[in-house]
There are 2 protein chains.
Amino acid sequence: MKGYVQIYTGNGKGKTTAALGLSLRAVCAGKKVFFGQFVKGMKYSELKAPQFLNQLEIKQYGRNCFIRKDPEEEDIRLAREGLKDLQMKIKSGDYDIVVMDELNIALFYKLFEVKDVLKLLREKHEKTEVIITGRYAPTELIEVADLVTEMKEIKHYYQQGVQAREGIEK
Amino acid sequence: MKGYVQIYTGNGKGKTTAALGLSLRAVCAGKKVFFGQFVKGMKYSELKAPQFLNQLEIKQYGRNCFIRKDPEEEDIRLAREGLKDLQMKIKSGDYDIVVMDELNIALFYKLFEVKDVLKLLREKHEKTEVIITGRYAPTELIEVADLVTEMKEIKHYYQQGVQAREGIEK
């Protein structure tokens, strides 16, 4: 089965969540999934998912806090290490699906360059499906992707003052 | 923790998938999830998810084929039974999250009425989070929901002739 490149972008809720759902469905069908998270180093509930799904691996390439304004050297170092790690995994053919969660955010903060990502995608193993998430997907990635969905915020309870809740948003 | 009403609608990929991801994250946080699927009776990969996640239950309220033009009596009967089942579950407080997958499609085909759904939501247990998916979310539901995301199709490989693939779309 040929693998494609999917992008989930936009300002609405559900991008990382859709990538998690896709991973769950794939594992149910006997597939092997690697889920890499850029920028994130916080202890999200989904980090426990491999305890239930042994065909799923998750790894984080970020610090334990969001990038506020300008990224620090440590943010750049971790993200570049992550990209290298994912590049190997996407090339290897060892995985049916590789998720690059918040890759667009890493690009937005210039932690690495879009040309590095385009190179990685050119070298991807034919069978491997690549899932990219995060706001602000750059045009260059949208051009090479096979499927692009924009999650658009119509209404959000953050506006009511609801904070991110464990097991729902994090 | 107070439960909210979330809607994932629009013509893009990722609605049911986001609901699955939300379910996975919730189970990782020790929560209990009921996932009801309207209109669907096909053997999707996600039906195997409870084998991995014992805090997740899935049930289908549809026939083993899509509704082509007009719904049949059996479609209506199954959907109404489903709505009754979900109403009990949403009221009971037994679940942290109840998903009503493709509810909007059931409404689109007039398998039951939007006023029945509004009643169900008014009677929902305070702690239970309700997730509604499907294209064509009616205005009445958008009004009462706390969070609404529109999945917008920007680019889709169906246009390249790619069929739904096991473990990815189904």
Side-chain angles (χ1 to χ4, degrees), chain A residues 1-31 44-49 51-55 96-97 129 137 142-143 145-158 160 162 165-170, chain B residues 1-31 44-49 51-55 96-97 129 137 142-143 145-158 160 162 165-170:
Chain A
M1 196 167 81
K2 187 178 165 349
Y4 293 89
V5 177
Q6 303 187 20
I7 298 180
Y8 295 91
T9 190
N11 66 349
K13 187 173 154 63
K15 300 180 289 292
T16 297
T17 316
L20 278 174
L22 216 143
S23 303
L24 172 59
R25 183 183 282 137
V27 168
C28 287
K31 295 183 183 294
Y44 292 111
S45 304
E46 59 252 39
L47 295 179
K48 290 186 192 145
Q51 294 175 15
F52 302 99
L53 311 168
N54 62 21
Q55 296 264 80
D96 300 290
I97 292 178
E129 185 98 3
I142 290 177
E143 266 168 24
D146 301 290
L147 179 141
V148 182
T149 303
E150 181 194 351
M151 269 69 166
K152 233 181 119 179
E153 180 178 312
I154 305 292
K155 203 172 178 182
H156 203 305
Y157 42 44
Y158 288 162
Q160 298 174 34
V162 179
R165 295 163 297 157
E166 193 188 336
I168 309 282
E169 279 83 25
K170 62 180 188 181
Chain B
M1 196 165 82
K2 187 179 167 348
Y4 294 89
V5 177
Q6 304 188 19
I7 298 181
Y8 295 91
T9 190
N11 67 348
K13 186 173 154 62
K15 301 180 288 293
T16 297
T17 316
L20 278 174
L22 218 142
S23 302
L24 172 59
R25 183 183 281 138
V27 168
C28 287
K31 294 182 184 295
Y44 292 112
S45 304
E46 58 251 41
L47 294 180
K48 292 188 191 143
Q51 293 175 15
F52 302 99
L53 310 168
N54 61 21
Q55 297 263 83
D96 300 291
I97 292 178
E129 186 98 3
I142 289 177
E143 265 168 24
D146 301 291
L147 179 141
V148 182
T149 303
E150 181 195 349
M151 269 68 165
K152 234 182 116 177
E153 181 178 312
I154 304 292
K155 202 173 178 180
H156 204 305
Y157 42 44
Y158 289 162
Q160 298 174 35
V162 179
R165 295 163 298 159
E166 193 188 338
I168 308 282
E169 278 83 24
K170 62 181 188 181

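- For chain A, the nearby part of B:Ile97 is the side chain; its heavy atoms alone come within less than 4.5 Å.
- Only the side chain of B:Glu129 has a heavy atom closer than 4.5 Å to any heavy atom of chain A.
- Heavy-atom pairs under 4.5 Å with chain B peak, among A:Gln51, A:Glu169, A:Glu153, at A:Glu169.
- Between chain A and the residues B:Ser23, B:Ser45, B:Gly14, the largest count of heavy-atom pairs under 4.5 Å involves B:Ser45.
- Of the inter-residue distances, the one linking B:Cys28 atom SG with A:Lys170 atom NZ reads 15.0 Å to the nearest 0.5 angstrom.
- Residue B:Lys15: no heavy atom, backbone or side chain, is found under 4.5 Å from chain A.
- You'll find the side chain of A:Thr149 stays beyond 4.5 Å of the side chain of B:Lys152, heavy atoms only.
- Looking only at heavy-atom pairs under 4.5 Å with chain B, the residue among A:Ile154, A:Thr16, A:Val148, A:Leu22 that has the most is A:Val148.
- Both the backbone and the side chain of B:Met151 come within contact range of chain A, with heavy atoms under 4.5 Å apart.
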Problem - Residues A:Leu53, B:Leu24; criterion side chain to side chain contact (heavy atoms under 4.5 Å, CB included); working and verdict - result: CA-CA 10 Å; A:Leu53 311 168; B:Leu24 172 59; 4.0 Å; yes
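- With a threshold of 4.5 angstrom between heavy atoms, B:Gln6 approaches chain A through side-chain atoms but not through N, CA, C or O.
- In this structure, NZ on A:Lys2 lies 9.0 Å from CZ on B:Arg165, to the nearest 0.5 angstrom.
- Residue B:Phe52 touches chain A through both its backbone and its side chain, counting heavy-atom pairs closer than 4.5 Å.
- Of the residues considered (B:Val162, B:Ile7, B:Leu20, B:Asp146), B:Asp146 shows the highest number of contacts with chain A, using heavy-atom pairs under 4.5 Å.
- Put simply, OH on A:Tyr4 and CD1 on B:Ile168 are 10.5 Å apart, with the number rounded to the nearest 0.5 Å.
- Two residues are said to be in side-chain contact when any heavy atoms from C-beta on lie closer than 4.5 Å; A:Leu147 and B:Lys13 meet this criterion.
- The candidate with the highest count of non-hydrogen atom pairs below 4.5 Å against chain A, out of B:Met1, B:Arg25, B:His156, is B:Arg25.
- When atom types are taken as modelled, the side chain of A:Lys155 and the backbone of B:Ala145 share a donor-acceptor pair closer than 3.5 angstrom.
- Note on B:Gly10, B:Gly12, B:Ala29, B:Ala19: by heavy-atom pairs under 4.5 Å with chain A, the leading option is B:Ala29.
- Going from atom OH of A:Tyr8 over to atom OG1 of B:Thr17 covers 6.0 Å, rounded to the nearest 0.5 Å.
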